[in-house]
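Below is one structure, written out as structure tokens, with a few remarks after it.
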Amino acid sequence: MDTTGPHQHTPRLSSELLGFDPGARVLIVNCDDFGLDEDVNAAVIDSVERGIASSCSVMLPAPAAAQALQLLHERPEMPFGIHLTMVCEAARHRWGPLAPKQLVPSLLDDAGELFAPTPDGRARLLARARTEEVEREFRAQIDAVARTGLQPTHLDFHCLADGGRPDLLQLALALGAEYGLAVRVWLAPGLREARRRGLPVIDHGFLDSFSLDLDGKAARYARLLAELPPGLSEWAVHPGLGGPNARAADDGWRVRRTDYEFLTSPRARELLTEQGVTVIDYRPLRGRWPGPEHLSGTSSSHPRHT
């Protein structure tokens, strides 16, 4: 019997692992940066409840995280993940870690805050960050959610693709297994490892909405939906209302406003129907990742400092 045919070793699409037909076009539309400010919080809620977004990710060190968690408490059906945060949002929009600063000194800049998300800031952080201190901060962020009784679906990263370093991705994968959460993976090395383990991850290129041109963005989103290939894809979108306070503090407010306008437009929902695209959240993925089914605590190798 010939076992060398072209389809013999073709890996199954992640969408098939989740129970979809081979030709199904499946898309996660996740709103990142929930908790950044009240402007973003309002836009995220609207984008999920009224628009085509399927879930969100909350930034626990961010200024409006408490409001974001309260909004999630009021909407227990809304899927959300934890946006693991090691850098601030902008050079002029700064905040510190959740863990006590004296316990995570390698994560702090000269001013004692998290680094700015500039190329230089990220490079300096990744050059000095101690893995055990990153774990301490990540646990502080995860445990801050655990204490509320909310149950997230996944972990993902703010401004650092797959954590920015192989050891930090491995840390996130281990924490995901420990806490019973899926992990967003989108760079080639991590995708290869996840697929080797039989874990569902995106089958195609990951989209960060900050990479799209502002001009003609709605038309670009429409083309992306029309061209979406079979399998699992993910868009990380960043809706915001673009109000006066946001415009003063957030250099990316135009990206956020144009994302919000598309996500909540009637045309966006029409396009999903016309193109036969199924939008899901991370709950089906969480069910296929290892670990306990629900967030209920952990046996930590490090002391809790939250």
Side-chain angles (χ1 to χ4, degrees), residues 28-45 47-48 53-72 75 78-90 93-99 107 114-117 121-122 125 129 134-135 137-148 150-164 168-169 171-173 175-176 179 181-187 190 202 206-210 234-240 250 252 255-256 259 281-283 285-286 295 306:
I28 296 171
V29 183
N30 190 83
C31 299
D32 289 8
D33 299 353
F34 194 39
L36 177 63
D37 54 40
E38 294 183 0
D39 183 286
V40 165
N41 287 355
V44 167
I45 293 294
S47 297
V48 176
S54 53
S55 64
C56 59
S57 298
V58 61
M59 307 173 70
L60 276 305
Q67 186 203 41
L69 292 175
Q70 180 58 42
L71 290 168
L72 290 170
R75 297 162 174 82
M78 182 175 290
F80 76 98
I82 297 172
H83 210 39
L84 296 171
T85 302
M86 290 189 289
V87 295
C88 295
E89 174 57 28
H93 203 167
R94 312 303 300 279
W95 54 65
L98 254 61
L107 310 187
L114 295 180
F115 283 88
R122 291 193 298 267
L125 167 68
V134 175
E135 179 177 356
E137 176 60 22
F138 283 180
R139 288 189 182 276
Q141 294 178 24
I142 298 170
D143 289 343
V145 175
R147 288 194 297 271
T148 71
L150 293 167
Q151 295 183 347
T153 60
H154 68 283
L155 303 173
D156 56 43
F157 293 95
H158 173 59
C159 283
L160 292 166
D162 288 8
L168 301 185
L169 176 60
L171 170 61
L173 293 173
L175 290 172
Y179 285 87
L181 305 173
V183 180
R184 174 194 281 168
V185 181
W186 60 281
L187 296 181
I202 56 171
F206 178 87
L207 174 71
D208 182 330
S209 69
F210 269 87
E234 181 174 0
W235 293 356
V237 293
H238 302 82
D250 184 2
V255 173
R256 300 182 191 280
D259 275 3
D281 56 72
Y282 266 91
R283 285 175 292 188
L285 281 74
R286 181 183 62 183
L295 177 64
T306 59

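For Asp33 and His83, the side-chain atoms include at least one donor-acceptor pair closer than 3.5 Å.
Checked by atom type and distance alone, the side chain of Glu137 pairs as donor or acceptor with a backbone atom of Ala99 at under 3.5 Å. At least one donor-acceptor pair closer than 3.5 Å links the side chain of Asn41 to the backbone N or O of Ala64. Panel note: side chain Asp37, backbone Val40; a donor-acceptor pair is recorded below 3.5 Å. Judged purely by atom type and a 3.5 angstrom limit, Arg286 has no side-chain atom pairing as donor or acceptor with the backbone of Ala182.
Qualifying side chain to side chain contact (heavy atoms under 4.5 Å, CB included) partners for Ala62, counting only residues two or more places apart in sequence or in other chains: Met59, Trp95.
Between Ile82 and Leu155, the closest side-chain pair of non-hydrogen atoms falls below 4.5 Å. The shortest side-chain heavy-atom distance between Asp259 and Phe210 does not fall under the 4.5 Å cut-off. Within the 4.5 Å cutoff, the side chain of His154 has heavy atoms near those of the Ser57 side chain. Considering only heavy atoms from C-beta on, Leu84 stays 4.5 Å or farther from Leu175 through its side chain. Between Ile202 and Ile28 there is no side-chain heavy-atom pair separated by less than 4.5 Å. Proximity of Arg75 to Ile45: side-chain heavy atoms (C-beta onward) are separated by under 4.5 Å at one or more points.
Annotation for Glu38: atom CD does not count as buried by contact number, only 12 or fewer foreign heavy atoms lying within 6.0 Å.
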Residue pair Leu71, Phe34: steps toward the side-chain contact (heavy atoms from CB on, under 4.5 Å) verdict: CA-CA 10 Å; Leu71 290 168; Phe34 194 39; 4.1 Å; yes
Pair Asp208-Asp32, side-chain contact (heavy atoms from CB on, under 4.5 Å): steps then yes or no: CA-CA 10 Å; Asp208 182 330; Asp32 289 8; 6.0 Å; no
Trace of the side-chain contact (heavy atoms from CB on, under 4.5 Å) decision for Leu69 with Leu60: CA-CA 9 Å; Leu69 292 175; Leu60 276 305; 3.9 Å; yes
CA sep, side-chain torsions, deciding dist, call: Leu207, Trp186, side-chain contact (heavy atoms from CB on, under 4.5 Å): CA-CA 9 Å; Leu207 174 71; Trp186 60 281; over 6 Å; no
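With Ser55 as the fixed residue, the side-chain hydrogen bond (donor to acceptor under 3.5 Å, both in side chains) test singles out one of Thr153, Asp281, Asn30: Asn30.
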